[in-house]
Amino acid sequence: MAMVTVSQSFNFHGFFVRKASLLPSSASRVRYSINDRRWLNLDSASSSCRFRNLNSRCSITNTDLHLSNVLTEDEAPQDLSAAECDCSTPIVHLKTDILESESLSLLAETTYVDSVLTALPVLSEEEQNALAATPAHPVALYALYASSLAGNLVEQLWNFAWPSAIALLHPSLLPVAVMCFFSKLAIIVGGPLVGKLMDYSPRVPAYMGLNVVQAAAQLLSATMIIHAHTVSPTSVSSVLLRPWFIVLVLAGAIERLCGVATGVAVERDWVILLAGMNRPIALAQANAVLNRIDLLCEIAGASVFGILLSKYEPVTCLKFAAASMIWSLPVMIGLTWLTNKLATGVLDRPRSCQTCCGESPEEAAVVAGSIVDRGLETIKLGWKEYMQQPVLPASLAYVLLFFNVVLAPSSLMTAFLTQRGVNPSVIGGFSGLCACMGVAATFLSATLVKQLGILKAGAAGLVFQASLLSLAVAVYWSGSLSQQSPVLFFLGLIVLSRLGHMSYDVVGAQILQTGIPSSKANLIGTTEVSVASLAESVMLGVAIIANDASHFGFLAMLSLLSVVGAAWMFCQLLLNPTDEQRSLFAVESNT
């Protein structure tokens with residue numbers, strides 16, 4: 001008999017047949033393992049699906065066919081030419097008398113598949129734990145650690161170098177406070193914009209580009225400070241209006257914005273891909289290693305520059321810092337490229353279907369309009385996504401800690417101690433010991449989470465910090481800081497308080513990291529940093545107004561109140577969680 005091709009596309013799962021005419025001469029044989037002869041009159045309304053890779057052997061299961069007429073062989077039309085002229089829908093005659101051997105073969109294949117499925121191994125609990133502790137790309141993670149080490153070492157060295165060098169120019173906190181204020185302002189405004197750009201840009205080129213811009217801004221800042229030390233000193237008001245200081249403020253703002261963006265990219269995106277989202281133990285270990293690298297670099301950077309500053313002139317120390325920036329940049333770029341290569345290009349993959357194939361209405365509004373409109377829409381989108389996260393109270397408690405701008409190893413504390421005449425090596429040791437507490441917190445936080453649960457561990461860290469800072473403020477207001485021993489005791493209390501601060505920092509990162517999708521990791525992460533920078537900039541604005549060193553006690557009291565407020569807010573989350581938060585921490589609520 002004459003065989004026909006199908007003139008419509010059928011709704012068979014996984015196959016596609018092109019439209020053709022019903023010509024007896026152009027026969028195309030479609031073979032299925034159906035045991036009865038049937039004439040199938042397929043209604044055109046059901047003709048919309050695909051046959052992919054059709055071959056002579058196939059077995060159709062889970063077919064979703066809407067058959068308007070099923071005719072037996074006795075009811076089959078006798079005149080195909082009439083059907084060709086009168087019918088707009090195709091008629092397919094399936095014969096199985098030539099396919100009996102095919103059915104037997106397919107039956108054997110089905111039996112084989114069933115045997116394979118029943119023979120799949122099931123991992124034991126120990127094997128599952130071992131798999132969860134094994135990173136998806138272990139060698140690439142080591143390359144990422146090396147890249148972070150090279151970048152963080154120079155960044156932490158510069159974070160200690162520039163406030164120390166500026167504090168030696170004039171006995172006032174105002175220049176340092178202005179620098180910090182505009183850096184935070186740049187993060188507030190530009191954070192969501194850069195985060196959005198990172199979410200929609202290839203990971204590796206964007207990361208390398210930000211590293212280049214950051215290094216260039218650091219070199220420009222070092223050049224301006226060196227120039228300032230070579231000219232005659234002037235009053236603080238004239239310093240703020242000098243061209244070199246304006247350039248220094250702009251370069252410092254760009255440097256901090258790039259540093260925040262690269263840090264968020266590594267901590268909220270890259271490490272998840274390399275360690276594996278579904279491997280929680282490996283991810284926790286990778287987070288701990290990155291935190292230790294950052295803190296060890298803070299120890300080394302502060303200690304090295306403090307020792308150099310106690311032995312050499314500030315200009316010589318700044319030249320050393322500039323040289324370290326130059327050699328570290330190609331090392332970071334090479335290690336970043338090596339990381340992606342060892343990860344078999346996993347960093348080149350798109351983040352999600354949302355960033356590749358579709359956009360939400362809010363994101364579509366960002367694309368349309370002028371540059372200014374897009375920037376404003378991006379900022380609003382970032383704040384909206386940030387405020388809608390289910391663990392917002394924990395994030396806000398983290399933000400409140402950024403109001404503490406003086407009772408910490410900050411630029412203002414460095415400037416205050418320098419103007420007090422404290423030895424630079426002591427100041428460097430103070431910063432280094434604070435970082436050591438952070439390293440210890442990476443180990444302590446894991447124990448606290450295991451013993452108390454993640455929420456109680458965070459609350460314990462905040463309460464511990466608030467208690468020790470209360471003692472430190474009491475020591476300051478006792479008026480005995482004119483002697484060396486009370487100063488060391490005051491600094492020692494701040495050092496110990498960093499143990500609680502960094503414990504909460506690790507716990508908070510673990511909460512936020514797994515609760516934010518990869519497609520929005522940079523946007524929400526940089527927005528959170530923007531909110532934290534807003535809090536810090538408010539305190540820096542207060543420091544600009546009260547720029548005399550005699551007002552340090554007032555700033556210390558405000559910093560203490562912010563830490564106490566953070567502890568209170570997190571304890572409220574612990575005592576009165578919402579239903580969604582109860583579902584996130586169901587294990588803890590039952591204990």
Applying side chain to side chain donor-acceptor pair (under 3.5 Å), name anything that partners [X], two or more places apart in sequence or on another chain.
X    : value
K341 : none
S395 : Y386, E528
N340 : D348
D294 : Q156

Main-chain N/O of P163 paired to T414 side chain as donor or acceptor, under 3.5 Å: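 A pair under 3.5 Å: no.
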
Sequence neighbours left out, what passes ring pair (Phe, Tyr, Trp, His ring centres under 6.0 Å) with [X]? Give chain and number order.
X    : answer
F430 : none
F552 : F416, Y476
F570 : Y504

Closest contact, heavy atoms only, A460 versus L452: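 The pair with the smallest heavy-atom distance is CB-CD1, 4.4 Å.
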
Heavy-atom closest pair, residues S497 and Q465: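 Closest pair (atom of S497, atom of Q465, distance): O-CG, 3.6 Å.
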
Qualifying residues under side-chain contact (heavy atoms from CB on, under 4.5 Å), relative to F402, sequence neighbours excluded: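 Scan of F402 (side-chain contact (heavy atoms from CB on, under 4.5 Å), adjacent residues dropped) gives Y398, A532, A535, E536.
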
Partner set under side-chain contact (heavy atoms from CB on, under 4.5 Å) for A136, not counting sequence neighbours: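 With sequence neighbours excluded, A136 shows a side-chain contact (heavy atoms from CB on, under 4.5 Å) to R279, given in chain and number order.
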
W270-Y207 aromatic ring centre distance below 6.0 Å: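 Ring centroids of W270 and Y207 are less than 6.0 Å from each other.
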
Straight-line distance of K184 NZ to M179 CE, nearest 0.5 Å: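 Separation between the atoms: 11.0 Å.
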
Please name all residues satisfying salt bridge (Lys or Arg N to Asp or Glu O under 4.0 Å) with [X], sequence neighbours left out, ordered by chain then number.
X    : result
R498 : none
E255 : none
E298 : none

Neighbour count above 12 (heavy atom, 6.0 Å) for Y145 OH: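 For Y145, atom OH is crowded (more than 12 foreign heavy atoms under 6.0 Å).
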
R292 NZ/CZ over F443 ring centroid, <6.0 Å and within 45° of normal: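 That pair qualifies as a cation-pi contact.
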
Option from V249, L248, I166 for which side chain to side chain contact (heavy atoms under 4.5 Å, CB included) with P175 holds: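 Among V249, L248, I166, the one meeting side chain to side chain contact (heavy atoms under 4.5 Å, CB included) with P175 is I166.
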
